[in-house]
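Predicted model only: the values in this text are computed from it and were never measured. First listed ligand is number 1; within each ligand, the first listed atom is number 1.
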Amino acid sequence: MVPVFHPRFVNDPFDDPCLYIDIQREGRAILFDLGSIERLEAAKVMRVSDVFISHTHIDHFIGFDHLLRLLLGRDKKLRVFGPPGIIRNVEGKLSAYTWNLVDDYKFNIEVHEVSVESISTAYFIASEGFRRRDGEKRLWKDILVEEPLFTIQAAHLDHKTPSLAFSIKERFHININKDVLTRLDLPVGPWLNELKRSFREEKPMDSKFVARLEKEGGYEERLFTLGDFIENRLVLITRGQKVTYVADAAGSKENKETIVRLAAGSDTFFCEAAFLDADRDKAFKKYHLTAKDAGGIAREAGVGRLVVFHFSPKYGENPSDLYEEANREFTMESPPP
Ligand SMILES: [Zn+2]
Ligand SMILES: [Zn+2]
């Protein structure tokens, strides 16, 4: 299966959190958190369409200025999702600069402030000097973003301030069987993307589909229904990819239960592990998870792969202890009921 999401951290696990998720199929990327992004190549920054902020402690939001600097001259909309207060936070960042020469700029920012039950939106448009313009408020539950390719879910955690956790889930995965292409004498080409799009739009199975096939120096058109491709097994629909990201959160029972629900069945689970279990009093005081917490949550949520990050600098000499503790707990057999 060719994955749709390609997540990778911009920095090492001791530095600011920022998970860059490339969605190559759509020529765009999203960010979970926005710590320093100085190390991210400009071409990659340009692809960012959406940013999801867990909370606005400085190590999770300081990259905003750098992102703004690179996107400013673009004809582009940036969407920012974040916890209560995010509209004021973005407004504060923008009001730190002078915007008298940007009347003809096309760039704009849409900020979605995610409270437990509602989402408030505000707009900041470059050509208006980024003056805040308040928009609509809507109710929401679980799902923040819904697109043909994926949905993004969020949950509120407690970090002595609200901290959002996020899951991105491909709605379903479309596999193209190359052997069937050969058997039916169908060439690869742009028509396959067209075909995938029709499945993504969930058109009825008896919808007509004209395949525009590239054949020696020209095109040949062949008529199918979408159902034909299921029947001849060219298209196989399987479960979609799921990636979950959990940053700073206290190791409370309530937080853990919320994370297990959000992360359930993830292919990859990125989870903060600031401290070792031996230092859990420090983790408790600072409202952070331990490596053992991360491993236990991953096991309960039945994830495929656990990636821990956001280590306290005190383990700078010995991060392997954190990986080992998380992994030991993750791979431990669950006690019999
Ligand atoms: Zn924090
Ligand atoms: Zn942090």
The Zn ion (ligand 2) - closest N/O/S atom in D248: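 Sorting the N, O and S atoms of D248 by distance to the Zn ion (ligand 2) puts OD2 first.
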Atom name of the N, O or S atom in H159 that lies nearest to the Zn ion (ligand 1): NE2
H55, N/O/S atom nearest the Zn ion (ligand 1):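 Of all N, O or S atoms belonging to H55, NE2 is the one nearest the Zn ion (ligand 1).
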Heteroatom test (N, O or S) for [X] near the Zn ion (ligand 1), limit 2.8 Å:
{"X": "H60", "value": "no"}
{"X": "H288", "value": "no"}
{"X": "D59", "value": "no"}

Whether H57 has an N, O or S atom under 2.8 Å from the Zn ion (ligand 2):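 Of the N, O and S atoms in H57, none lies under 2.8 Å from the Zn ion (ligand 2), which means no.
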Rounded distance (nearest 0.5 Å) linking atom [atom1] of [X] with atom [atom2] of [Y]:
{"X": "L40", "Y": "C18", "atom1": "CG", "atom2": "SG", "result": "7.0 Å"}
{"X": "I87", "Y": "T121", "atom1": "CD1", "atom2": "OG1", "result": "6.5 Å"}
{"X": "E325", "Y": "D277", "atom1": "CD", "atom2": "CG", "result": "5.0 Å"}

Side-chain ion pair, R197 and E201, N-O less than 4.0 Å: no
Donor-acceptor under 3.5 Å (S167 side chain, L262 main chain):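 Between the backbone of L262 and the side chain of S167 there is a qualifying donor-acceptor contact (under 3.5 Å).
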Donor-acceptor pair, side chain of D228 and main chain of T225, under 3.5 angstrom: yes
